[in-house]
Amino acid sequence: MSTDHYTPEAQEEAPLGVPHDGLPGVPKRSSWSGKWGFILAAAASAVGLGNLWRFPYLAAKYGGGIFLLVYIVLVVTFGFSLMMAETALGRKTGQSAIGAFSALSKKWKFVGILASIVPFIITPYYAIIGGWVTKYMVSYIVTPAAEIADGGFFTGFILMNPETYLYLIVFLLIVYLVVALGVNKGIENVNKVLMPALIIMSIGISVYALTLPGAIDGVAFYLIPDFSKFSAELVLGAMGQMFYSLSLAMGIMITYGSYFSKEHDLEHSVRRIEVFDTGIAILAGFMIIPVSFAVLGGGEAVMTHAGPGLMFGILPTVFDSLGAAGPILGFLFFALVFFAALTSCISLFETCTSIVADGFHLRRKFSILIAGVFIMVVGIFVNMGYDNLLWMDPMYTLFGIGEYQNSQLLDFFDFLSNTILMPIVALLTCIFIGYVVKPKAIIDEVKISSKFNGEKLFVVMIKYIAPVLLAVILVAYVLNTAGVIAI
Ligand code: PHE
């Protein structure tokens, strides 16, 4: 067996403490079957609900082309540097987040712990939304489009409805099954089918959308920059989106880097992931904005509805008005969202599993069991926020702002991970790499397998620009949540 291509089965059998090619004394672990296994898995993790339900909304809100421009610049500079740092850290240490940080400095182990908390918070609620998406995908087969478009359909489904638990559990069981099959047989094989399907469906739906009368106005609105919309708020919005969309600051890329062979080119792979993720986000805009122009006569509906409101409210109305094509398009669209959410959730759960395995020195099977039970229990608890625990209003209780009245547990979990923990973890990661271990440690790791074209950019971003931008994001988000400023 080559030292490079461990199979998950081999890992199962491997006694603990067998040297890995990263650090001595680290148990053998699974690895991608090649560079593309890694690229696809990271892209599968990145492309998710964020691309499909938030990116088009932000683009519509912030002047179309100008937002796209700012977003792309941020991805190729800021996003690139953080992603390089995380993947190289993982590959260097051969460990998931906690082990990776503590391998380089015991004092900084806490950053690994903070990063590791994030997937345990996100996975339960991401799976709940995955359940909603599954419900909509099924509904376009069995329920008339007009009924799905009715305002009461969504709330009737999510509130006080035992069916939501069923969808949550089914969604999670699919995720567990894929992860249990292992890194190669499960995750890689699923991605090989789902990711190309996702790209083809996105292109297909976008092309169809462009043929609708009036759609071209939507394209103009989407692509032509409205420079008057440029603002600090736009940059902040783009930055937060980029962060979440690339799945940074939660240990995922560290874990995935730890499965990456020392032979393959890291920089090239990271660039491919960026293209994938940003490409699908831009396509999502082509799917949603022109259709809204064609059917609703303008971009206001997209501009004012982020997240669930857009996906489960506005889009079903749009599909309903497309006649016979509506249910087909509705089904295809939700199947696409389902694939995107599923692959993201698989990557979240794989990270949870690897954190448990590395943290407690457990075999993969036991780690899946422990992480699986934990996520299921927390998922059911968060889902009760729409049911028996509907009276709970954590965000309103915390901040007392009218806007948060009737917020649910899910919103609170989302706030904890995205607004608080992720910017903190990213900021500390930059400080750790920039000033504690020094960028050279990462640069040397990258250079084991290739040249590092973006070396200078990387150093400047990690040491100076990224920490400042991150501190601004953090403060601005918290002030925004507390109602002091509005972004
Ligand atoms: N990047 C995913 C998205 O855009 C979300 C995600 C976050 C996935 C964290 C995995 C981990 O929806």
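FYI, side chains are in, hydrogens and waters are out, and symmetry mates aren't considered; it's all heavy atoms of this structure. Whatever order the structure lists them in is the order used to number ligands and atoms, beginning at 1. We're numbering straight along the sequence, starting at 1.
Taking E445 as the reference, R91, K262 meet the salt bridge (charged side-chain N to carboxylate O under 4.0 Å, His left out) condition, with sequence neighbours excluded.
Between E300 and K61 there is no salt bridge, since no side-chain nitrogen of the basic residue lies less than 4.0 Å from a carboxylate oxygen of the acidic one.
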Kindly print each ligand 1 N/O atom paired with any protein N/O atom under 3.5 angstrom away, one pair per line, or none if nothing qualifies.
| from | atom 1 | to | atom 2 | distance (Å) |
| --- | --- | --- | --- | --- |
| ligand 1 | 1 (N) | S45 | O | 3.4 |
| ligand 1 | 1 (N) | A46 | O | 2.9 |
| ligand 1 | 1 (N) | Y244 | O | 2.9 |
| ligand 1 | 1 (N) | S245 | O | 3.0 |
| ligand 1 | 1 (N) | S247 | OG | 3.2 |
| ligand 1 | 4 (O) | A46 | O | 3.1 |
| ligand 1 | 4 (O) | G50 | N | 3.4 |
| ligand 1 | 4 (O) | N51 | OD1 | 3.1 |
| ligand 1 | 12 (O) | L49 | N | 2.9 |
| ligand 1 | 12 (O) | G50 | N | 2.7 |
| ligand 1 | 12 (O) | Y126 | OH | 2.9 |

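Ring-centre distance between W108 and F101: not below the 6.0 Å cut-off. Aromatic rings from Y136 and F331 are positioned such that their centres are separated by 6.0 Å or more.
For V75 against E274, the heavy-atom pair with the smallest separation is O-OE2, 3.6 Å.
At a cut-off of 3.5 Å, with distance as the only test, a side-chain donor of S247 or S45 sits close to an acceptor on the other residue.
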